[in-house]
Amino acid sequence: MPQKPKTFRMVYMDFSSARLEEDLRFYSEIMGLRQDGQATADRTWLSLGFDHHNLSFRKGDNSGLEAVGYQLAADIDLDSMAKHLDAAGLAYTRKSDARPGVDELIEVEPIGGHSVHLISAISQTEGTMTTTGVAPLRLGHFAVASAEGAAIKRFYTEVLGFHRTDAFGDVLDFYTCNYEHHVLNVVEAPTAHRLHHLAFQLRETGSHVNAADLLARDSKPIVWGPTRHTAGHNIASYFQDDSKRLVELYTEMDVYLPDLDMMEPRPWHEEIPMRPRRWERGDVAHWRTKFAVELSQF
Ligand SMILES: [Fe+2]
């Protein structure tokens, strides 16, 4: 039987921001996230409309990723997760009331540059999902480049039980803890730890057009895409926010079936069954479109 991941979704990402006002304006007015709760201490919490928050920002000297929060599978509580981390020899802290909407969490000490939070639950907002601006459905995945890439990969696969779905060359690996092809990309790079991109799922593929129109009006051109990727086969558009973070908007992500170790078949797959595989480095556009910039430039 395939392993069962210990988490089933990414819930939130915490950022520092050297351009806090600009980031809050953009993610509120243009992306459509809401500040339902009060800012606490130095941090502002933004929600897509279901979880108490999905993004948070605080003023900082640089615009980096500080923490990522994952929700534990229903049959794993924080006590059993703590024992599991003890057995793996990992350092962590248990915190109560450390953030609004989350009673208790485990904070795993950073591997690479950001810490990992493990939560059992997050309170839900009352009302509806956002329908203003770009109005993404979900915060879907992120990609990091790190000199500690090998340690990050070991943590996600051996400790959290993520599945590896695909790879580019021998440097970039895709991982998932749910039905989507990837929740995380890790690039082993001889650089300091950095976020390569964060990604939101849009409502439907036509939503890329509306998003691009809104972004153009806000002086944020699409820098790569829209195109269909090879690995994951998602339709993807990329732009940069005010802090120069690369942001991906996507639809039609491959659905991973761990029991069959394959992607649910799609007409655009290069092979059927489409199993986890290693792609040639740079072979990222299924439509073979050549863009003026390489994604690896960012
Ligand atoms: Fe992505």
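For clarity, every value in this text was computed on a predicted model and none was experimentally measured.
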>> Under a 3.5 Å cutoff, is there a donor and acceptor pairing between the side chains of His141 and Glu248?
In response: yes
> Can you tell me if Asp218 uses its side chain to pair, donor with acceptor, with the backbone of Lys220 under 3.5 Å?
Replying inline: no
>> With side-chain contact (heavy atoms from CB on, under 4.5 Å) as the criterion, how do Asp283 and Arg288 come out once you've worked through the C-alpha distance, each side chain's angles and the decisive distance to 0.1 Å?
In response: CA-CA 8 Å; Asp283 184 19; Arg288 305 296 160 210; 2.3 Å; yes
> Do Asn178 and Tyr256 meet the criterion of a side-chain donor-acceptor pair at a distance under 3.5 Å?
Replying inline: no
>> Among Trp224, Phe174, Trp287, Phe168, exactly one meets ring-ring contact (aromatic ring centres under 6.0 Å, His included) together with His229. Which residue is that?
In response: Trp224
> Hey, are Arg58 and Asp23 close enough for a salt bridge, meaning a charged N less than 4.0 Å from a carboxylate O?
Replying inline: no
>> Can you confirm if the aromatic rings of Phe298 and His197 lie within a centre distance of less than 6.0 Å?
In response: no
> Below 4.0 angstrom, N of the basic side chain to O of the carboxylate: do Lys95 and Glu104 qualify?
Replying inline: no
> How long is the span from the CG atom in Asp103 to the OG atom in Ser96, to the nearest 0.5 Å?
Replying inline: 8.0 Å
>> Check Arg19 with Glu21, please: is the shortest side-chain N to carboxylate O separation under 4.0 Å?
In response: no
>> Rounded to the nearest 0.5 Å, what separates atom NE2 in His182 from atom CG in Asn185?
In response: 4.5 Å
> Measuring from Ser243:OG to Leu195:CG, what's the distance to the nearest 0.5 Å?
Replying inline: 11.5 Å
>> On the six-membered ring of Phe15, is Arg245 placed so that its NZ or CZ lies under 6.0 angstrom from the centre and within 45° of the ring axis?
In response: yes
> Taking atom CG of Leu137 and atom OG of Ser207, what is their separation to the nearest 0.5 Å?
Replying inline: 7.5 Å
> Tell me, do Met274 and Pro265 make a side-chain contact under 4.5 Å, heavy atoms counted?
Replying inline: no
>> Rounded at 0.5 Å granularity, tell me how far CZ in Arg25 sits from CD1 in Ile30.
In response: 5.0 Å
> For Ala18, does its backbone N or O pair with a side-chain atom of Ser63 as donor and acceptor, under 3.5 Å?
Replying inline: yes
> So, Glu252 and Arg228, do they make that salt bridge, N to O below 4.0 Å?
Replying inline: yes
>> Give me the atom names and distance for the closest heavy-atom approach of Arg34 to Gly49.
In response: NH2-CA, 3.5 Å
> Any cation-pi pair here, Arg99 with Tyr12, using under 6.0 Å and within 45°?
Replying inline: yes
> His181 and His233: aromatic ring centres closer than 6.0 Å?
Replying inline: no
> Would you find a donor on one side and an acceptor on the other, under 3.5 Å apart, between the side chain of Glu109 and the backbone of Tyr92?
Replying inline: no
>> Let's go through Arg94 and Asp79 carefully: what are the C-alpha distance in whole Å and the side-chain angles of both, what is the deciding distance for salt bridge (Lys or Arg N to Asp or Glu O under 4.0 Å) to 0.1 Å, and is it a yes or a no?
In response: CA-CA 10 Å; Arg94 281 184 79 152; Asp79 287 341; 2.7 Å; yes
> For Asp254 and His269, does a side-chain donor sit closer than 3.5 Å to a side-chain acceptor?
Replying inline: yes
> Is the closest side-chain heavy-atom distance between Leu65 and Asp14 below 4.5 Å?
Replying inline: no
>> Please determine whether residues Val102 and Leu85 belong to a single hydrophobic cluster, defined as Ile, Leu, Val, Met, Phe, Trp and Tyr linked transitively by side-chain heavy-atom distances below 4.5 Å.
In response: no
>> Just verifying a value: how many Å separate Met13 CE and Leu139 CG, rounded to the nearest 0.5 Å?
In response: 6.0 Å
>> side-chain hydrogen bond (donor to acceptor under 3.5 Å, both in side chains) for Ser56 and Arg43? Distances and angles first, verdict last.
In response: CA-CA 6 Å; Ser56 83; Arg43 202 169 270 286; 2.8 Å; yes
> When the ring centroid of Tyr175 is compared with that of Phe162, is the distance short of 6.0 Å?
Replying inline: no
> Within a reach of under 6.0 Å around CD of Glu280, are more than 12 heavy atoms found that belong to other residues, nucleotides or ligands?
Replying inline: no
> Of all heavy-atom pairs between Ser17 and Phe57, which one has the smallest distance, and what is that distance?
Replying inline: CB-CD2, 4.3 Å
> Do Tyr238 and Tyr250 have side-chain atoms, one donor and one acceptor, less than 3.5 Å apart?
Replying inline: no
> Which pairs pass salt bridge (charged side-chain N to carboxylate O under 4.0 Å, His left out) with one or both residues in residues 167-189, sequence neighbours excluded?
Replying inline: Arg138-Glu180, Lys153-Asp173, Lys153-Glu188, Arg164-Asp173
> Under 6.0 Å between the ring centres of Phe26 and Phe239?
Replying inline: yes
> Will you find, in the side chains of Thr165 and Thr176, an N or O donor that is under 3.5 Å from an N or O acceptor?
Replying inline: no
> Under 3.5 Å, side chain of Thr157 to main-chain N/O of Gly161, donor-acceptor pair present?
Replying inline: no
>> Between Asp166 and Arg275, does any side-chain N to carboxylate O distance fall below 4.0 Å?
In response: no
> Hey, does the side chain of Glu158 reach the backbone of Phe155 with a donor-acceptor pair shorter than 3.5 angstrom?
Replying inline: no
> Given side chains that start at C-beta, do those of Leu257 and Met263 come closer than 4.5 Å, heavy atoms only?
Replying inline: no
>> Thr93 vs Leu105, test: side-chain contact (heavy atoms from CB on, under 4.5 Å). Steps then yes/no.
In response: CA-CA 8 Å; Thr93 313; Leu105 61 84; over 6 Å; no
>> Is it the case that atom CG in Asp61 sees more than 12 heavy atoms from other parts of the structure closer than 6.0 Å?
In response: no
> Which heavy-atom pair separates Ile152 from Val144 by the least distance, and what is that distance?
Replying inline: CD1-CG2, 4.3 Å
> Are the aromatic rings of Phe142 and Phe200 close, with centres under 6.0 Å apart?
Replying inline: no
> Is a donor on one side and an acceptor on the other found under 3.5 Å between the side chain of Asp77 and the backbone of Ser80?
Replying inline: yes
> Is there a donor-acceptor pair under 3.5 Å between the side chain of His117 and the backbone N or O of Ile106?
Replying inline: no
> Would one find more than 12 heavy atoms of other residues, nucleotides or ligands at under 6.0 Å from atom CD of Glu294?
Replying inline: no
>> Would the distance check show the side chain of His53 and the main-chain N or O of Gly101 forming a donor-acceptor pair, the cut-off being under 3.5 Å?
In response: no
> Which atom names give the shortest non-hydrogen contact between Leu246 and Gln240, and what distance separates them?
Replying inline: CD1-CG, 4.1 Å
> Which is it for Asp213 and Asn210 under the side-chain hydrogen bond (donor to acceptor under 3.5 Å, both in side chains) test, yes or no, and what are the steps along the way?
Replying inline: CA-CA 5 Å; Asp213 283 342; Asn210 182 52; over 6 Å; no
>> Checking the side chain of Ser16 only, and the main-chain atoms of Asn62 only, is there a donor and an acceptor separated by less than 3.5 Å?
In response: yes
> Does Leu118 reach the side chain of Lys6, with side-chain heavy atoms less than 4.5 Å apart?
Replying inline: no
> Is it true that the NZ or CZ of Arg277 lies under 6.0 Å from the centre of Trp279's six-membered ring and within 45 degrees of the ring axis?
Replying inline: yes
>> Tell me the closest heavy-atom pair linking Thr289 and Ala285, and the distance in Å.
In response: O-CB, 3.8 Å
> Side chains of His286 and Thr230: is there a donor and an acceptor less than 3.5 Å apart?
Replying inline: no
> What closest approach, in Å, do Pro136 and Leu48 show between heavy atoms, and which atom pair accounts for it?
Replying inline: O-CD2, 3.6 Å
> Yes or no on side-chain contact (heavy atoms from CB on, under 4.5 Å) for Leu72 and Leu78, after CA distance, side-chain angles and deciding distance?
Replying inline: CA-CA 8 Å; Leu72 292 172; Leu78 289 172; 3.7 Å; yes
